[in-house]
Amino acid sequence: MTFKQKLIIAFGLISVAIIGRLVPHLWNMTPIAGVAILAGARLGWKWGIVIPVLGMFASDIFIGFYSFPIMLSVYFSFALAGVAGYLVRKSGKVGTVLGGSALSAVLFFIVTNGAVWAFGAMYPHNFNGLLLSYIAGLPFFQNQILGDLFFTSALFAVWEMGSVLARRMKNNELGIMPGERI
């Protein structure tokens with residue numbers, strides 16, 4: 001894949017990430033992690049980090065910024081999702097990709113709820129406060145894992161369908177004559 005093709009795909013994935021955060025949705029049910037995992041798996045680990053971070057930053061311009069340390073933990077967690085995508089890149093198994101998606105949701109839950117406890121004022125800064133932070137995050141985690149599995153599945157399915165279509169077009173298996181309009 002050429003650099004230009006990667007840029008076009010990156011722009012599309014960033015657009016999906018931004019739109020997914022701006023349209024009404026359940027808490028934590030956005031395509032960001034799925035975008036990160038697909039980018040990491042199909043474009044490389046650097047793209048898997050940069051694409052979700054840019055999507056988050058661009059959408060945060062419209063949604064609003066918040067506590068910098070907590071925001072950093074969210075961005076970091078989505079960068080980890082891109083790395084998870086890179087780690088599952090060679091597997092052709094749906095279960096491995098979805099396992100990477102579930103793992104990234106668990107890491108997001110652990111990192112971000114820990115950051116809310118550590119850098120916020122909502123919970124006492126002791127072990128009980130940390131537990132309260134994780135307990136309060138459980139409804140969000142449910143949405144996160146369901147959303148991540150859904151969006152990861154959907155994005156990989158679109159990627160695979162596009163790959164099949166591109167191969168068929170390249171091999172002229174669609175029955176289209178040169179110069180013929182589709």
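Listed by first and then second residue, the salt bridge (charged side-chain N to carboxylate O under 4.0 Å, His left out) pairs involving residues 71-97 amount to none (not counting sequence neighbours). Screening residues 73-84 for salt bridge (charged side-chain N to carboxylate O under 4.0 Å, His left out) gives no qualifying pairs among residues at least two apart or on separate chains. The ring pair (Phe, Tyr, Trp, His ring centres under 6.0 Å) pairs that include a residue from residues 1-22 are F3-W47, where partners are two or more places apart or lie in different chains. The salt bridge (charged side-chain N to carboxylate O under 4.0 Å, His left out) contacts involving residues 94-118 comprise nothing, where partners must be two or more places apart or lie in separate chains. Within the structure, every pair that satisfies the salt bridge (charged side-chain N to carboxylate O under 4.0 Å, His left out) test and touches residues 48-63, not counting sequence neighbours, is listed here: R21-D60.
With sequence neighbours excluded, the residues satisfying ring-ring contact (aromatic ring centres under 6.0 Å, His included) with H125 are W117. In this view, V106 and I110, F141 satisfy the side chain to side chain contact (heavy atoms under 4.5 Å, CB included) rule, not counting sequence neighbours. In terms of the side-chain hydrogen bond (donor to acceptor under 3.5 Å, both in side chains) criterion, residue partners of S91 (sequence neighbours excluded) are, by chain and number, T96. Here F127 pairs with L131 under the side chain to side chain contact (heavy atoms under 4.5 Å, CB included) rule; sequence neighbours left out.
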Output a table of donor-acceptor pairs, distance under 3.5 Å, between side-chain atoms of residues 148-162 and any protein atom two or more places apart or on a different chain; print 'none' if there are none.
unit_1	atom_1	unit_2	atom_2	d
D148	OD1	Q144	NE2	3.4
D148	OD2	Q144	NE2	3.0
T152	OG1	S101	OG	3.2
T152	OG1	D148	O	2.7
S153	OG	L149	O	2.7
E160	OE2	R42	NH2	3.4

Donor-acceptor contacts under 3.5 Å from residues 50-58 side chains, at least two apart:
none

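Summarising the geometry of S133 relative to N113, their closest heavy-atom pair is OG-O, 2.8 Å, with the distance given to 0.1 Å. Nearest approach of P31 to V16, heavy atoms of both residues: CG-O, 3.6 Å. Of all heavy-atom pairs spanning S73 and I70, the tightest one is OG-O, 2.6 Å. Scanning all heavy atoms of the two residues, the minimum distance from I135 to P139 falls at O-CD, 4.0 Å. Minimum heavy-atom separation, L146 to M29: CB-CE, 4.1 Å.
For F76, the CZ atom sits in a loose shell: 12 or fewer heavy atoms of surrounding residues, nucleotides or ligands are nearer than 6.0 Å. Residue M1 places its CE atom among more than 12 non-hydrogen atoms of other residues, nucleotides or ligands, all under 6.0 Å distant.
Using a distance-only test at 3.5 Å, with no hydrogens or angles considered, a donor-acceptor pair links the side chain of Q5 to the main chain of T2.
Other cluster members for W27: F140, joined by side-chain heavy-atom distances under 4.5 Å among Ile, Leu, Val, Met, Phe, Trp and Tyr.
How far CD1 of I9 is from CD1 of I14: 12.0 Å, rounded to the nearest 0.5 Å. In this structure, the separation between OG on S59 and CD1 on I19 is 11.0 Å, given to the nearest 0.5 Å.
For the pair S77 and L107, the minimum side-chain heavy-atom distance is 4.5 Å or more.
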